[in-house]
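In what follows, a single structure is set out as structure tokens and then discussed.
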Amino acid sequence: MSSNGFNEGSQPVFREQRRSMVEQQLRSRGIHDHRVLTAMEEVPRHEFVNREQWEQAYSDHPVSIPEQQTTSQPYIIASMLQSAEIQPGDRVLEVGSGSGYQTAVLAALAREVIAVERYPSLAEQARATLVRLGYENVTIVTGDGSLGAPQFAPFDAIIVSAAAPRVPPALVQQLAIGGRLVVPVGDSSQQVLELLRKHRDGSLTTHSLEGCRFVPLIGEQGFAA
Ligand code: SAH
């Protein structure tokens, strides 16, 4: 047994923690999409954080990861994914994959996930975790995700996990007809989660969903470094 009290035999404990996370943090706050709830009950969130943080892995807040970043609060991830209405046949772009936790949930929901991460070290670690856990429909690239991933576009859904000062035009451009873009927009201290939908005639509608707080999107169509 490790010093923090968790070891490989802790899997049933984590399974139980995931079940109560789904009930108490997600379902009770209005997350009703079965596919999202099931995926979040399955994906082992603790595998994406350092062992010292295993005890916090399923708690109701963001958890620190290297490079002074965080893996987002489970509820806000569920809310973004439910709003994006991810379908089993979708190709999805994730901007800011960080630990790779949300990437794994997306991989369980969609056909293919392209994820962009600014820090090579985080991209490398997320890749290793996803391979170890057997996710095969994921490609993580290092770069400025505020510009999207034009070589892989168009996308049925785009999820931005970092705060943007405005909706990045490159991402709107890379959205397929019928596509959904979920992005936190605001200043560096608080934002509103925006849902954009691209219609058949190319027009866009935007809905403001809820207040949130993300680390900044640093890049050409984000904040300056
Ligand atoms: N969903 C992730 C959240 C990570 S926090 C998780 O669950 O772990 C947001 C991430 O966005 C950070 O890792 C940060 O490095 C990354 N990021 C910030 N600006 C970026 C940009 N322009 N392109 C790609 N990634 C970016």
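All residue numbers refer to positions in the sequence shown, counting from 1. For ligands, and for the atoms within them, numbers begin at 1 and follow the listed sequence.
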Subject >> Contact check, Gly222 vs ligand 1, heavy-atom distance below 4.0 Å >> reply: no
Original post:
Short list, please: which atoms of ligand 1 are under 4.0 Å from a heavy atom of Ser161?
Top reply: 1 (N), 3 (C), 9 (C)
Original post:
Among protein heavy atoms, which lies nearest atom 5 (S) of ligand 1, and at what distance?
Top reply: Thr70 O, 3.0 Å
**OP:** Give the contacting part of Glu117 toward ligand 1: side chain, backbone, both or neither, where contact means a heavy-atom distance below 4.0 Å.
**Re:** both
**OP:** Give the residue, atom name and distance (to 0.1 Å) of the protein heavy atom nearest atom 25 (N) of ligand 1.
**Re:** Arg118 N, 3.2 Å
Original post:
Is ligand 1 under 4.0 Å from a heavy atom in the side chain of Val215, in the backbone, in both, or in neither?
Top reply: side chain
**OP:** Under 4.0 Å from a heavy atom of Gln102: give me the atoms of ligand 1 that qualify, with their elements.
**Re:** 1 (N), 7 (O)
Original post:
Looking only at heavy atoms, is any part of Glu67 under 4.0 Å from ligand 1, and if so is it the side chain, the backbone, or both, or is it neither?
Top reply: neither
Subject >> Atoms in ligand 1 with a heavy atom of Tyr119 nearer than 4.0 Å >> reply: 15 (O)
Original post:
Can you list the atoms of ligand 1 that are under 4.0 Å from a heavy atom of Ser146?
Top reply: 22 (N)
Original post:
For Gln68 and Tyr119, does a side-chain donor sit closer than 3.5 Å to a side-chain acceptor?
Top reply: no
**OP:** On the 0 to 90° scale, with breaks at 30° and 60°, tag the Tyr58-Phe14 ring pair as parallel, tilted or perpendicular.
**Re:** tilted
